[in-house]
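Hydrogens, waters and symmetry mates play no part in the numbers below; they use all other heavy atoms, side chains included.
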Amino acid sequence: MNTVDCCRRDKIVVKCAVCRKPERTYQKVKEGFGSRLGFILVSAGCAVGIGNVWKFPYIAGQNGGAIFVLFYLLFLVLMGVPVLTMELSIGRATGKTIIGAYRSLEKPGQKWHIHGWLCMIGCYLLILHHSCRMDARLFLEVFDRRF
């Protein structure tokens with residue numbers, strides 16, 4: 001039975017600034033998940049927002065949109081699972097970031113790394129949007145109380 005190491009080790013050599021001779025060698029460790037359950041929980045937490053889980057189906061059901069929720073869940077599974085599987089397999093196969101993974105898998109002359117950049121920009125914009133919403137929510141809930 002094969003065992004998989006959850007860390008990837010690369011050597012880092014520190015050279016002298018003057019004579020450029022190697023002074024020290026370090027082991028660079030790229031950490032991974034220690035168990036399969038942790039990986040699955042992190043993936044599920046990243047893929048599903050709290051609004052998708054609680055608020056959206058509740059409000060849609062209250063307003064007569066229960067059939068829409070069923071179709072939403074059906075298409076979420078039919079379209080989300082293959083895309084998530086593709087992203088995870090590319091990440092595990094290359095062991096790189098999204099941009100580096102697209103660069104290493106694309107053929108010469110192709111521009112798939114641009115999609116990696118768009119994914120990265122989309123993630124940053126999503127984080128920015130959610131942090132602004134959470135700041136506003138915190139302000140309204142905590143600091144705007146009338147005594």
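L126 is not connected to L118 by any chain of hydrophobic side-chain contacts under 4.5 Å among Ile, Leu, Val, Met, Phe, Trp and Tyr, and they are in different clusters.
Take K111 and apply the side chain to side chain contact (heavy atoms under 4.5 Å, CB included) test, not counting sequence neighbours, and it matches H113, I114. Not a single ring-ring contact (aromatic ring centres under 6.0 Å, His included) links H130 to another residue, sequence neighbours left out. Every residue meeting the side chain to side chain contact (heavy atoms under 4.5 Å, CB included) condition with I99, not counting sequence neighbours, appears here in chain and number order: T97, R103, W117, M120. Partners of I121 under the side chain to side chain contact (heavy atoms under 4.5 Å, CB included) rule, at least two apart in sequence or in another chain, are L125. For C119, the side chain to side chain contact (heavy atoms under 4.5 Å, CB included) criterion is met by I98, H115, not counting sequence neighbours.
To the nearest 0.5 angstrom, T94 atom OG1 is 10.5 Å from Y102 atom OH.
Listed by chain and number, the hydrophobic cluster partners of I67 are L70, F71, L74, F75, L78, M79, where partners are ILVMFWY side chains within reach of under 4.5 Å, directly or through others.
Between L41 and L37, some side-chain heavy-atom pair lies under the 4.5 Å cut-off.
The two atoms that bring K96 and S104 nearest to each other are NZ-CB, 3.6 Å, heavy atoms only.
Residue pairs meeting the side-chain hydrogen bond (donor to acceptor under 3.5 Å, both in side chains) criterion with at least one member in residues 74-89, sequence neighbours excluded, do not occur. Residue pairs that meet the ring-ring contact (aromatic ring centres under 6.0 Å, His included) test with at least one member in residues 79-101, sequence neighbours left out, do not exist here.
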